[in-house]
Amino acid sequence: MGMRLPGRVVLIVVGVLLVVLVAGYLALLRPDIPYARLEAKYANAQSRFMNLPGGLHVHYRDQGLANGPPVVMVHGFSASLHTWEPWVRLIGGSYRVVTLDLPGHGLTRAPAGYAATINGYADIVDGVARRLELPPYVVVGNSMGGAVAWDDVLRHPDRVRGLVLVDSAGWPEKVRGGDGPLIFKLMRNPISRALIRDLDVRPIAKRALEAAYVDKSLVTPALVDRYVELARAPGHREILLTIQNRPDSGVTADTFRKIAVPTLVMHGDDDRLIPVADGHAFAAAIPGARLITYPGVGHVPMEQIPDRSAADLKVFLDGLSASGPRPPASAGR
């Protein structure tokens with residue numbers, strides 16, 4: 001028969017445990033990092049800013065061949081325009097490449113209470129392109145940015161002449177089955193959102209990046225710093241934790257049959273965040289789409305295998321340029 005502890009001792013032990021837990025939680029809290037400090041570290045000579053309706057102050061870069069055919073690149077969830085720099089360097093001699101930070105990401109500022117949606121992000125991409133007076137452009141998107149890209153095509157069919165999906169999000173989950181990665185399950189729960197909002201996420205971020213990049217040697221301390229620090233920009237964590245990461249509830253496999261522009265689908269075979277089966281599904285659903293998969297490659301081919309993936313991208317873009325401008329589409333979504 002075990003010894004029974006007095007009630008007072010039990011209360012003391014419970015109290016000490018609570019103090020330790022609270023102290024540990026508080027020790028993990030991290031404050032916002034001012035934009036001025038982040039801009040000093042993560043902006044460069046090519047960085048530009050524009051104001052868009054709704055109080056948005058958008059960070060973008062307009063690089064490459066100034067009079068070349070325009071290509072607009074959209075990053076994924078929790079990433080930033082920096083993810084595209086390898087491709088900018090490799091195709092910039094032939095194309096005008098515009099990259100931007102979406103609200104809640106990078107150095108773009110959004111007002112308090114900003115409600116981020118895929119549809120809203122697609123309209124921001126279109127807004128940046130219009131402000132820069134781009135002719136019809138090719139839109140490229142990775143991960144969540146892929147959903148933004150194909151939504152941009154459907155919402156603004158007269159503005160886009162080609163689509164490139166790189167390990168794209170947005171394939172209907174009810175078709176695939178399941179309800180998405182764990183982080184998105186946590187984000188949909190208000191209690192877990194509140195608990196993790198201000199915590200130091202560096203250990204989680206490092207593991208997530210290693211899963212995304214597959215090649216752990218690419219996940220340097222500087223890369224982890226960039227992801228973690230930019231997420232601590234004022235207002236970013238609230239947006240990241242409340243973003244509606246799906247275009248709308250009406251998306252089905254038939255939605256993608258309405259895409260009427262030349263499309264390239266690129267996907268890493270070893271993507272642990274979005275299965276390569278989704279890449280096959282996009283390519284099968286989008287009329288005339290071409291699929292390229294990469295053995296041993298994860299979620300970000302433009303960073304893991306920049307030379308090879310950029311060469312494939314350039315073949316696709318060169319083909320569009322050779323065929324001339326695309327006539328305006330007759331209908332959107």
Side-chain angles (χ1 to χ4, degrees), residues 42-50 52 58-76 79-103 105-108 121-153 156 159-168 226 230 261-266 290 292 299-326:
Y42 294 111
N44 68 9
Q46 287 73 46
S47 290
R48 300 290 184 271
F49 295 86
M50 72 167 63
L52 290 180
V58 178
H59 175 228
Y60 72 97
R61 294 178 185 173
D62 187 353
Q63 304 178 85
L65 186 64
N67 61 350
V71 180
V72 180
M73 297 185 175
V74 190
H75 63 75
S80 62
L81 57 69
H82 302 86
T83 194
W84 299 115
E85 287 301 308
W87 275 8
V88 172
R89 173 176 53 83
L90 291 164
I91 72 165
S94 303
Y95 293 91
R96 179 181 179 182
V97 186
V98 175
T99 57
L100 69 148
D101 286 334
L102 296 170
H105 300 75
L107 299 174
T108 287
Y121 280 166
D123 290 342
I124 289 168
V125 172
D126 180 67
V128 169
R130 289 179 187 273
R131 183 69 62 84
L132 294 176
E133 299 183 342
L134 298 183
Y137 55 90
V138 175
V139 63
V140 180
N142 170 241
S143 192
M144 180 190 75
V148 175
W150 61 252
D151 199 45
D152 185 28
V153 173
H156 313 106
R159 298 285 301 141
V160 183
R161 63 187 294 263
L163 171 66
V164 180
L165 301 178
V166 186
D167 294 70
S168 177
R226 190 179 77 216
L230 288 174
V261 298
T263 300
L264 173 64
V265 179
M266 311 168 82
R290 180 189 175 198
I292 302 176
H299 193 58
V300 284
M302 63 282 192
E303 294 189 73
Q304 189 179 351
I305 51 165
D307 293 331
R308 180 178 171 191
S309 57
D312 290 334
L313 172 66
K314 192 170 184 303
V315 168
F316 173 76
L317 295 175
D318 290 349
L320 293 182
S321 298
S323 63
R326 182 183 66 87

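Values in this document were obtained by computation on a predicted structure and should not be read as measured data.
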Rounded to the nearest 0.5 Å, what separation is found between the [atom1] atom of [X] and the [atom2] atom of [Y]?
X: N44; Y: Q63; atom1: CG; atom2: CD; answer: 6.5 Å
X: H82; Y: L107; atom1: NE2; atom2: CG; answer: 6.0 Å
X: I124; Y: R131; atom1: CD1; atom2: CZ; answer: 12.0 Å
X: L81; Y: L230; atom1: CG; atom2: CG; answer: 9.0 Å
X: Q46; Y: E85; atom1: CD; atom2: CD; answer: 7.5 Å

Evaluation steps, side chain to side chain contact (heavy atoms under 4.5 Å, CB included), between V98 and Y137: CA-CA 10 Å; V98 175; Y137 55 90; over 6 Å; no
The single option from L313, L65, D318 passing side chain to side chain contact (heavy atoms under 4.5 Å, CB included) against I91: L313
Stepwise side chain to side chain contact (heavy atoms under 4.5 Å, CB included) test for D126 and D152: CA-CA 7 Å; D126 180 67; D152 185 28; 4.0 Å; yes
Polar contact flag, side-chain donor to acceptor under 3.5 angstrom, T263-W150: no
Y42 and D101 side chains, donor-acceptor separation under 3.5 Å: no
Side-chain ion pair, R48 and D62, N-O less than 4.0 Å: no
Under 3.5 Å donor-acceptor, N142 side chain and V166 backbone: yes
Donor-acceptor contact present, side-chain Y95 to main-chain L317, <3.5 Å: yes
Stepwise side-chain hydrogen bond (donor to acceptor under 3.5 Å, both in side chains) check, S47 with R61: CA-CA 5 Å; S47 290; R61 294 178 185 173; 3.3 Å; yes
Audit row: M266, M302, side chain to side chain contact (heavy atoms under 4.5 Å, CB included) steps and yes/no: CA-CA 10 Å; M266 311 168 82; M302 63 282 192; over 6 Å; no
Test side-chain hydrogen bond (donor to acceptor under 3.5 Å, both in side chains) applied to D123 and H156, step by step: CA-CA 8 Å; D123 290 342; H156 313 106; 3.1 Å; yes
From CA spacing to verdict: side chain to side chain contact (heavy atoms under 4.5 Å, CB included), W87, V97: CA-CA 9 Å; W87 275 8; V97 186; over 6 Å; no
